[in-house]
Amino acid sequence: MMNLRTEICSLFAIEYPIIQAGMAGGITTPELVAAVSNAGGLGTLGAGYLTPDATRDAIRKIRERTDRPFSVNLFRVKMEKEDSRTTAVQENLMPIYEELGISPSAEQPEVTDHYEKQFDILIEEKVPVISTTFGVPTQNQVNRAHGQGLNLVTMVTTVKEAIKAEKVGVDAVVAQGGEAGGHRGTFEMENRRGANIGTLALIPQVVDHVSIPVIAAGGIMDGRGLVAARALGADGIQLGTRFLNAVESSADPAYKKALLDSDEESTEITTAFSGRPARAIRNRFMEFLKLNEIEPLTYPIQNFITKEIRAAAKRQGKAGYMSLWSGQGNRLIKNGQTADEIVKEIISEAKKTKSKL
């Protein structure tokens with residue numbers, strides 16, 4: 001019989017091999033992160049869009065709510081400074097601006113990469129687990145983190161990326177299958193769709209090619225997914241979509257309703273909102289770009305010009321123009337549960353499933 005307590009439990013000093021994904025954009029409130037950690041899992045702050053000062057502030061708010069280990073996720077990504085098609089794309093989006101009663105920003109997109117400063121803050125604040133998406137930390141950053149007794153995790157979508165992460169010295173990788181919601185963690189963007197290998201196929205191949213712990217992600221929603229991931233050789237699981245409707249999540253009510261109304265056929269991978277591939281519930285904005293053959297701008301320029309559209313849609317409760325990130329396990333979403341209840345239910349389900357094997 002498999003043991004639910006794994007190497008990552010010892011490595012991260014957590015009770016259960018359950019990691020709450022670091023969903024950027026404000027979803028992962030300090031309350032959510034702390035609640036998952038207090039429940040025995042590893043809560044993760046999605047700091048990808050935060051300024052350095054906001055990152056430090058959020059870390060301290062988490063520490064006010066828990067004395068247990070937690071993680072902070074950063075975007076390690078190449079940012080394009082400009083895109084010659086910006087004005088043309090904004091003009092093509094005018095019908096949406098008009099419907100929402102807003103005007104395109106007159107400001108030129110200001111691209112600022114906070115990664116280096118954020119990483120320094122995570123070292124200074126001694127964040128127990130530092131995670132990266134879209135790429136690996138530098139060798140110097142790995143050495144600095146390890147010198148402070150901190151652990152490093154990188155999200156990967158291929159075996160090649162996992163090997164690269166292990167070589168630089170990270171302590172574990174999150175292998176993200178194509179079923180996962182939100183941004184694809186793909187390093188190289190030769191293909192604008194990003195790597196899209198299914199979780200069931202990806203996990204054992206990554207496990208066979210690296211010696212560090214592998215954490216499974218992508219379509220995993222319950223205890224059955226934990227047991228299945230362990231059977232494939234993973235040390236634990238990372239879940240994002242399951243926590244979106246948690247009491248502590250700051251997901252907008254219209255977003256939460258869209259999740260509950262969706263099913264396994266409702267999502268697709270799109271570059272419409274940010275310029276990078278991400279799995280989201282199909283909505284009016286995505287269909288508008290396809291129907292009008294509007295090619296999204298590069299990241300993060302596309303994210304900048306859609307920011308005001310998404311903000312207005314949120315204010316007006318119009319889910320059709322929000323970025324409704326979601327994985328494919330939608331029928332397993334439950335509403336009104338606390339993070340503690342979610343973690344405990346997953347473990348209970350895993351034990352029941354394990355007893356049947």
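Note: hydrogens, waters and symmetry copies are ignored here, and every other heavy atom, side chains too, is used.
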Heavy-atom closest contact (Asp340 atom, Ala39 atom, distance): OD1-CB, 3.5 Å
Roughly how far, to the nearest 0.5 Å, is OG of Ser348 from CG of Asp222? 11.0 Å
Counting only heavy atoms not in Arg282, do more than 12 fall under 6.0 Å of its CZ? yes
Check: Asp235 side chain, Ile8 main-chain N or O, donor-acceptor pair, under 3.5 Å: yes
Under a single-linkage definition using a 4.5 Å side-chain heavy-atom cutoff for Ile, Leu, Val, Met, Phe, Trp and Tyr, are Val247 and Tyr255 assigned to the same hydrophobic cluster? no
Determine whether the aromatic ring centres of Phe75 and Tyr115 lie less than 6.0 Å apart. no
May I ask you to check whether His114 and Thr51 show a side-chain donor-acceptor distance below 3.5 Å? no
Leu200, CG atom: more than 12 neighbouring heavy atoms under 6.0 Å: no
Of all the heavy-atom pairs spanning Ala24 and Gly48, show the shortest one and how long it is. CB-N, 4.0 Å
Sidechain-backbone polar pair: Gln139 side chain, Val168 backbone, donor-acceptor under 3.5 Å: yes
Asn92 versus Arg85, side-chain donor and acceptor atoms under 3.5 Å: no
How about Thr6 and Pro213: do any of their side-chain heavy atoms sit closer than 4.5 Å? no
Between Asn292 and Phe288 (side chain of the first, backbone of the second, donor and acceptor by atom type, cut-off under 3.5 Å), is there such a pair? yes
Will you find, in the side chains of Gln20 and Gln238, an N or O donor that is under 3.5 Å from an N or O acceptor? no
If only atom types and distance count, is the side chain of Glu166 paired as donor or acceptor with the main-chain N or O of Ser211 below 3.5 Å? yes
Is it the case that over 12 heavy atoms from other parts of the model lie below 6.0 angstrom from the CD atom of Glu98? yes
Residues, nucleotides or ligands: over 12 heavy atoms within 6.0 Å of Arg224 CZ: no
Nearest heavy-atom approach of Leu202 to Gly177 is CD2-N, 4.0 Å
Whether over 12 other heavy atoms sit under 6.0 Å from Lys344 NZ: yes
Quick one: does any side-chain atom of Thr66 pair with a main-chain N or O of Arg68 as donor and acceptor, under 3.5 Å? yes
Report yes or no: do Thr132 and Thr154 form a side-chain donor-acceptor pair below 3.5 Å? yes
Is the backbone of Gly320 close enough, under 3.5 Å, to the side chain of Asn283 for a donor and an acceptor to pair up by distance? yes
So which heavy atom on Ala234 is nearest to which on Ala216, and how close? CB-CB, 3.9 Å
Kindly give the heavy-atom pair with the smallest separation between Val206 and Val159, and that separation in Å. N-CG2, 3.9 Å
Under 3.5 Å, side chain of Gln176 to main-chain N/O of His183, donor-acceptor pair present? yes
Shortest non-hydrogen contact between Ala339 and Ala35, atoms and distance: CB-CB, 3.7 Å
Same apolar cluster: Leu32 and Ile237, side chain cutoff 4.5 Å: yes
Spell out, yes or no, whether Leu50 and Phe70 are grouped together once hydrophobic residues are joined by side-chain heavy atoms under 4.5 Å, including indirect joins. yes
Does Glu248 reach the side chain of Val33, with side-chain heavy atoms less than 4.5 Å apart? no
Taking atom NZ of Lys318 as the centre, does the number of heavy atoms from other residues, nucleotides or ligands within less than 6.0 Å exceed 12? yes
Between the side chains of Glu161 and Thr157, does any donor sit under 3.5 Å from an acceptor? yes
Is there a path of hydrophobic side-chain contacts, each under 4.5 Å between heavy atoms of I/L/V/M/F/W/Y residues, joining Leu42 to Val174? yes
Is the charged tip of Arg276 near the ring of Phe134: under 6.0 Å from the six-membered ring centre and within 45° of its axis? yes
Are a donor atom and an acceptor atom from the side chains of Asn330 and Asp263 found within less than 3.5 Å of each other? no
Do Gln316 and Tyr321 have side-chain atoms, one donor and one acceptor, less than 3.5 Å apart? no
With a 3.5 Å distance limit and no angle check, can you tell me whether Arg5 reaches the backbone of Glu15 through a side-chain donor-acceptor pair? yes
Verify salt bridge (charged side-chain N to carboxylate O under 4.0 Å, His left out) between Arg144 and Asp120, making sure each step is shown before the conclusion. CA-CA 9 Å; Arg144 288 172 59 205; Asp120 289 345; 3.0 Å; yes
Please report whether the ring centroid of Phe273 lies less than 6.0 Å from that of Trp325. yes
Between Gln141 and Arg76, is there a side-chain donor-acceptor contact under 3.5 Å, judged purely by atom types and distance? no
Are any non-hydrogen side-chain atoms of Leu93 and Phe285 less than 4.5 angstrom apart? yes
Does a salt bridge link Glu268 with Arg279, judged by any charged N lying under 4.0 Å from a carboxylate O? no
Does Lys290, at its NZ atom, have more than 12 non-hydrogen atoms belonging to other residues, nucleotides or ligands within less than 6.0 Å? yes
Is the backbone of Ile281 close enough, under 3.5 Å, to the side chain of Ser262 for a donor and an acceptor to pair up by distance? no
Will you find, in the side chains of Asn73 and Ser131, an N or O donor that is under 3.5 Å from an N or O acceptor? yes
For the side chain of Thr44 and the backbone of Gly22, is there at least one donor-acceptor N/O pair under 3.5 Å apart? no
Pair Thr271, Gln302: side-chain N/O donor-acceptor within cut-off below 3.5 Å: no
Distance-only polar pair, side chains of His146 and Asp171, donor-acceptor under 3.5 Å: yes
Rounded distance [0.5 Å steps], CG in Asn303 versus OG1 in Thr298: 11.0 Å
Determine which pairs satisfy side-chain hydrogen bond (donor to acceptor under 3.5 Å, both in side chains) with at least one residue from residues 201-210, sequence neighbours left out, and list them in order. none
Gap between atom OG of Ser84 and atom CG of Leu297 - 0.5 Å precision: 9.0 Å
